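Counting convention: from 1, in listed order, for ligands and their atoms alike. Computed from a prediction, not measured in an experiment: that's the story for all the values here.
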Amino acid sequence: MKITSIQSLEILDSRGKPTVRTFVKLEDGSIHSSSVPSGASTGAHEAVELRDGDSKRHLGQGVLQAVANVNTVLAPLVVGMEVDQLKEIDQKMLDKDGTGNKGNLGANAILSVSQAVTKAAAYTANKPLWRFLHDYYFSAHSAAFPRLMVNVINGGKHANWNFDIQEFMISPSTTQPSEAVRVAAEIFQQLGKTLKEKKLQTLVGDEGGYSPLLSSNEEVLETIKASAEKLGYSLGREFDFALDSASTEFFENGSYVMKKTGKTLSGDELMNYYQTLRSTYRIISFEDPFAEDDWAQFQKFTAFSNDEFLTVGDDLYVTNPERIRRGIELNATNAVLIKLNQIGSVSETAEAITMAKQAGWKVIVSHRSGETEDSFIADLAYGAGADFIKTGSMSRSERLAKYNRLIEIENGL
Ligand code: PGA
Ligand code: ZN
């Protein structure tokens, strides 16, 4: 079925910042739309998110240029094409952009079209989005439910630097979405009660986790653990811990400058600290433990891990197949974080996932700290058979949209 029109809009994300939503219309009159998220602790090597930059509208954060690029450049290119030619459509848009980083038309513009066209193609194939993604890109593996990584305490840039570590996550052991969501939600609720009893804030950060003024990383992990134990859940049985340090954000002149303690650590000292945390709290996954170009430190940590825990590259790889290829050659990590908007098209994202899987790495599909109600990544995680999905805490509807979508898929809806 042919695409008959494409139209884009400026909408707002969960932080009230502009983002792009694109509508694709098909010959039968049906309309399919998708919107793109936006990061705060972004990697330097990410594809370009085009923003207007003039200081008046939305403090320079407007995306009218990206919207115009969809309406006047990408739409004429793609309208008239068969909707199931996804790889060709993406390639056409990349060629038109003509840069390595989508700096011309914007990754937000290109991805919004890529995602909306993918949804339209799933509709014409009469398949749910996850099955379409699976059959088109990931048929070498079976679809499977990912474990959740649920960010119950927010720190770093997402919560005014109350902690240096950006995300303290719990990962329920079960992969059954409704059960995993229940365990995580119960722990989240109990954690809120515990914080209130300690007379601490239960306001939430950008990803829906609490951001209390606890004194240290250890106290955070201890408080979560105690809350879970109150419900009869134990660490290593019903759930594990995972961390995202987003450490590029506190890397300065070759050292890791911890804002909370005032300590400056070398890469090796930080690595030793992680090891101490791990031995006490059984942490199964360390995301961006080192800065985005600190390849040597990643290699050391991964070698040290002996595959007993995950070293995850987020800002390190920015979902870019070229950087992932380098990571595989260097054995820099044993896992990759996948964010569609870091690379800016569905087909390149699929290539990144496939490459990581072939290398035997674990795959974690992720949201951004600025999100929308679009639940595309839930279908992607299941369809690709990703090992984990990271999509925030058990609050804020833009986070829950993804968890709720997994429960729908589980129930065959
Ligand atoms: P971001 O944070 O969306 O602000 O980049 C998420 C992450 O670092 O994983
Ligand atoms: Zn991250």
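- Residue Glu287 has at least one nitrogen or oxygen atom sitting less than 3.5 Å from a nitrogen or oxygen atom of ligand 1, judged on distance alone.
- Neither the backbone nor the side chain of Asp315 has a heavy atom within less than 4.0 Å of ligand 1.
- Distances from ligand 1 to the non-hydrogen atoms of His367 include no value under 4.0 Å.
- Considering backbone and side-chain atoms together, Ser41 places an N or O closer than 3.5 Å to an N or O of ligand 1.
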> What do the steps show when you test Glu287 against Lys390 for salt bridge (charged side-chain N to carboxylate O under 4.0 Å, His left out), and what is the final call?
Replying inline: CA-CA 11 Å; Glu287 180 181 333; Lys390 177 177 114 152; 3.0 Å; yes
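- Taking the six-membered ring wherever Trp is involved, the centroid distance between the rings of Phe241 and Phe168 does not fall below 6.0 Å.
- The aromatic rings of Tyr123 and His32 sit tilted, their planes meeting at an angle between 30° and 60°.
- No donor-acceptor contact under 3.5 angstrom links the side chains of Asn217 and Tyr281, judged on distance only.
- When distances to the Zn ion (ligand 2) are checked against a cut-off of 2.8 Å, Asp288 contributes no N, O or S atom below that limit.
- No side-chain donor-acceptor contact under 3.5 Å links Arg182 and Thr174.
- One finds an angle of 100° at the Zn ion (ligand 2) between OD2 on Asp314 and OE2 on Glu287, to the nearest 10 degrees.
- The shortest heavy-atom distance from Lys390 to ligand 1 is under 4.0 Å.
- By the 4.0 Å N-to-carboxylate-O rule, Lys92 lies too far from Asp97 to be salt-bridged with it.
- When ring centroids are compared, Tyr233 and Phe239 stay outside the 6.0 Å threshold.
- Closest to atom 7 (C) of ligand 1, if we only count protein heavy atoms, is Lys339 NZ, 3.1 Å.
- The closest approach between any non-hydrogen atom of Ala246 and ligand 1 is not below 4.0 Å.
- Defined by atom type and a distance below 3.5 Å, a donor-acceptor pair is present between the side-chain atoms of Thr319 and Gln342.
- Geometrically, ligand 1 and His158 share a nitrogen or oxygen pair separated by less than 3.5 Å.
- Atoms of ligand 1 found under 4.0 Å from any heavy atom of Arg368 (numbered from 1 in listed order, with element): 1 (P), 3 (O), 5 (O).
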> What do the steps show when you test Tyr210 against Leu195 for side-chain contact (heavy atoms from CB on, under 4.5 Å), and what is the final call?
Replying inline: CA-CA 9 Å; Tyr210 301 119; Leu195 294 173; 3.7 Å; yes
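- Nearest N/O/S atom of Asp244 relative to the Zn ion (ligand 2): this is OD2.
- Atom numbering of ligand 1 starts at 1 in the shown order; those under 4.0 Å from a heavy atom of Gln166 are 2 (O), 6 (C), 7 (C), 8 (O).
- Here's the thing with Gly370: none of its N/O atoms is less than 3.5 angstrom from an N/O atom of ligand 1.
- A cation-pi arrangement is absent between Lys127 and Tyr136, since the terminal nitrogen or guanidinium carbon is not both under 6.0 Å from the aromatic centre and inside a 45° cone about the axis.
- Which parts of ligand 1 touch Asp314 is read off a 4.0 Å heavy-atom cut-off, strictly below it: atoms 7 (C), 8 (O), 9 (O).
- Atoms of ligand 1 found under 4.0 Å from any heavy atom of Asp244 (numbered from 1 in listed order, with element): 7 (C), 8 (O), 9 (O).
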